*Asks:* 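The structure is given below, and queries will be raised subsequently.
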There are 2 protein chains.
Amino acid sequence: MTPKYKKIIDSFIKDYDNNNILPGDTLPSENELMKEWNCSRDTVRKAMTVLAERKYIQKSQGQKSTVLNRKEYEFPVSRITSFQELVKKRNLNASTEVVKFEIVNKSHYIYNLFNVPKSEKILEIIRIREIDNEKIILDKDFFLEKYIGNLNKEIAGGSIYEYLENELGLKIDFAKKTITVEKPTKEDLKYLDLKKDTLIANIESFTYLEDNILFQITYSRHRSDKFKFFDFAQR
Amino acid sequence: MTPKYKKIIDSFIKDYDNNNILPGDTLPSENELMKEWNCSRDTVRKAMTVLAERKYIQKSQGQKSTVLNRKEYEFPVSRITSFQELVKKRNLNASTEVVKFEIVNKSHYIYNLFNVPKSEKILEIIRIREIDNEKIILDKDFFLEKYIGNLNKEIAGGSIYEYLENELGLKIDFAKKTITVEKPTKEDLKYLDLKKDTLIANIESFTYLEDNILFQITYSRHRSDKFKFFDFAQR
DNA sequence: TCACATTTGTTCGTATGTATC
DNA sequence: CGATACATACGAACAAATGTG
């Protein structure tokens with residue numbers, strides 16, 4: 001049973017996405033929403049607070065809330081968006097090739113990062129992302145195997161996140177990312193279409209489940225001339 | 001008069017910063033906190049919710065909340081941190097030189113970005129950031145003049161944000177950032193200590209006040225070999 | 001395995017404060 | 001100044017998750 005305030009949020013977002021609610025509109029007052037949803041003010045406020053945090057609406061004491069143009073604030077990377085979601089949203093001509101899919105056997109290093117004993121199994125996946133017929137991104141993923149069920153090579157060629165969230169019901173919470181600019185490694189040179197003098201923009205991500213469990217480490221290595229990263233920062 | 005729930009938050013953060021509350025500790029239950037603060041459960045919960053959002057604590061139904069190690073989540077850039085705050089926090093050997101401080105007179109371009117008429121005045125500031133005796137960052141700022149009071153060259157050499165927030169009471173809300181990797185411009189070559197083959201990592205920021213007013217545009221151009229950007233992303 | 005106490009999550013009702021028009 | 005709208009605060013009840021005996 002989804003709580004009532006979440007239903008209000010979902011209903012708003014659905015209307016927003018279908019352009020039934022437009023940027024610039026003023027929302028009904030909290031009192032009116034109480035009647036509309038047959039609920040208490042507390043419930044309405046909880047929903048509106050979340051919508052304000054997500055920049056769907058703007059609140060201001062003494063005035064009705066107004067609807068914002070969220071397209072201006074919608075950012076792919078800092079919202080943990082999978083490559084597949086990005087491709088779909090941007091309508092990109094893209095494809096994925098899985099070049100490695102196996103249990104890690106040596107690397108001390110990666111065990112230290114996960115901070116798990118050697119008895120844990122860690123899966124390594126390397127994928128090449130091709131956009132407009134150029135191999136531009138090299139994604140190296142490491143997963144703790146116990147969380148990823150029957151993830152296989154076919155799924156990895158599509159959307160891993162779609163599988164983890166919808167099939168396994170995994171709840172991905174947040175990620176810590178670090179961006180640096182580096183010289184290409186041998187692996188980069190082997191798999192990517194690199195021009196002379198191009199560097200690699202590397203996004204290192206540590207992704208956590210809702211109980212603060214680190215379950216994925218990713219290195220997303222982009223050809224620097226094609227690299228663009230969007231961020232949304234709050235003071 | 002600061003509301004009671006904010007006092008609870010501030011008190012917690014103070015204790016946390018002073019190591020009176022340590023990561024791994026369990027918090028008192030909401031019932032106990034009610035007695036401790038002589039307030040209602042609603043008030044306690046509002047405070048705890050904010051602390052959970054900011055990753056100070058972890059909540060979980062049926063269990064007491066636990067205190068997190070926030071150092072792991074503390075990120076400079078994606079929180080809109082000024083260079084001065086960063087220098088202080090990281091204890092860097094750094095200095096700033098203001099090389100330009102004047103009203104923009106030509107640039108059509110920047111007026112379009114701000115989306116204001118030519119009658120508005122826009123201030124341009126260029127600053128060089130030197131770290132460990134190397135000129136590594138070039139910051140170009142554009143401000144809408146009407147918001148920045150008597151900001152002068154001396155203040156610009158120190159902390160502009162400190163002045164805007166504490167002296168003028170400006171409420172900075174959020175920023176949209178884009179990171180790209182580019183070849184150095186003439187300006188970069190002129191002002192920065194660049195090695196051969198180094199590229200520039202450019203952070204373009206649009207900073208907004210609490211009423212969604214765009215008041216600052218910044219280009220922070222970093223020598224790519226010294227560039228590091230931290231981000232925190234939520235799903 | 002089950003029942004129970006504890007703890008957080010959701011919802012309602014009500015009252016008062018503060019900002020805007 | 002009064003009406004309206006959002007912000008804060010209190011009290012109460014029940015639901016859902018967790019740990020324990």
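No hydrogens, no waters, no symmetry mates; every other heavy atom, side chains included, goes into these values. Throughout, a chain's letter reflects where its sequence line sits, starting with A, and its residues are numbered from 1. Predicted model, so just to flag it, every value in this text is computed and none were measured.
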*Asks:* In whole Å, I'd like the distance from the CE atom of B/Met1 to the C1' atom of D/dA7.
*Replies:*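 Taking atom C1' of D/dA7 as the reference, CE of B/Met1 is at 14 Å.
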*Asks:* What nitrogen or oxygen pairs link the protein and nucleotides 18-21 of chain D at under 3.5 Å?
*Replies:*
none

*Asks:* Rounding to an integer number of Å, can you tell me how far B/Lys64 NZ sits from D/dA17 C1'?
*Replies:*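 Taking NZ of B/Lys64 and C1' of D/dA17, I get 16 Å after rounding.
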*Asks:* For the CG atom on A/Asn105, are there more than 12 heavy atoms of other groups (residues, nucleotides or ligands in this structure) within a distance under 6.0 Å?
*Replies:*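 Check passes, neighbour count above 12.
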*Asks:* How about B/Asn115 and B/Leu214: do any of their side-chain heavy atoms sit closer than 4.5 Å?
*Replies:* no
*Asks:* Going by distance alone, is a donor N or O of one side chain under 3.5 Å from an acceptor N or O of the other, for A/Tyr163 and A/Glu154?
*Replies:*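 Distance-only check fails for A/Tyr163 and A/Glu154.
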*Asks:* For the aromatic rings, using the six-membered ring if either is Trp, is the centroid distance between B/Phe142 and B/Phe114 under 6.0 Å?
*Replies:*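 Ring-ring flag for B/Phe142/B/Phe114: false, centres at least 6.0 Å apart.
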*Asks:* Between B/Lys59 and C/dG9, is there a contact of a side-chain N or O with OP1 or OP2 at under 4.0 Å?
*Replies:* yes
*Asks:* Just the atom pairs and distances: protein N or O near nucleotides 9-12 of chain D's N or O, under 3.5 Å.
*Replies:*
residue : atom : partner : partner atom : Å
D/dA9   : OP1  : B/Lys4  : N            : 2.2
D/dA9   : OP2  : B/Lys4  : N            : 3.4
D/dA9   : OP2  : B/Tyr5  : N            : 3.3
D/dC10  : OP1  : B/Lys4  : NZ           : 2.8
D/dC10  : OP2  : B/Ser40 : N            : 3.0
D/dC10  : OP2  : B/Ser40 : OG           : 3.3
D/dC10  : OP2  : B/Thr43 : OG1          : 2.7

*Asks:* Quickly work out the A/Gln58 CD to C/dT20 C1' distance and round it to whole Å.
*Replies:* 14 Å
*Asks:* Testing the 3.5 Å rule here: is there a donor-acceptor pair between the side chains of B/Ser60 and B/Gln58?
*Replies:*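 No, B/Gln58 and B/Ser60 have no side-chain donor paired with an acceptor closer than 3.5 Å.
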*Asks:* Rounded to the nearest Å, what distance is computed from the NZ atom of residue A/Lys35 to the P atom of nucleotide C/dC12?
*Replies:* 15 Å
*Asks:* A/Glu30 CD to C/dA19 P: how many Å, rounded?
*Replies:* 16 Å
*Asks:* Within this structure, what is the CZ-to-P distance between B/Arg45 and C/dT7, rounded to whole angstrom?
*Replies:* 14 Å
*Asks:* Please check if atom CG in B/Asn38 has more than 12 non-hydrogen atoms from other residues, nucleotides or ligands closer than 6.0 Å.
*Replies:*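 Not buried by this count: 12 neighbours or fewer within 6.0 Å.
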*Asks:* Would you call the rings of A/Phe174 and A/Tyr208 parallel, tilted or perpendicular, where under 30° means parallel and over 60° means perpendicular?
*Replies:* parallel
*Asks:* Does A/Lys153 count as lying over the ring of A/Phe101, i.e. NZ or CZ under 6.0 Å from the six-ring centre, within 45 degrees of the axis?
*Replies:*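 Negative - A/Lys153 is either too far from the ring of A/Phe101 or too far off its axis.
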*Asks:* Measure the distance from CG on B/Leu51 to P on C/dT8 and round it to the nearest whole Å.
*Replies:* 13 Å
*Asks:* Applying side-chain contact (heavy atoms from CB on, under 4.5 Å), name anything that partners A/Lys4, two or more places apart in sequence or on another chain.
*Replies:*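 Testing A/Lys4 for side-chain contact (heavy atoms from CB on, under 4.5 Å), a comparison that skips the adjacent residues, returns A/Cys39, A/Thr43.
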*Asks:* What is the distance, to the nearest angstrom, from the CG atom on A/Leu27 to the C1' atom on D/dA5?
*Replies:* 13 Å
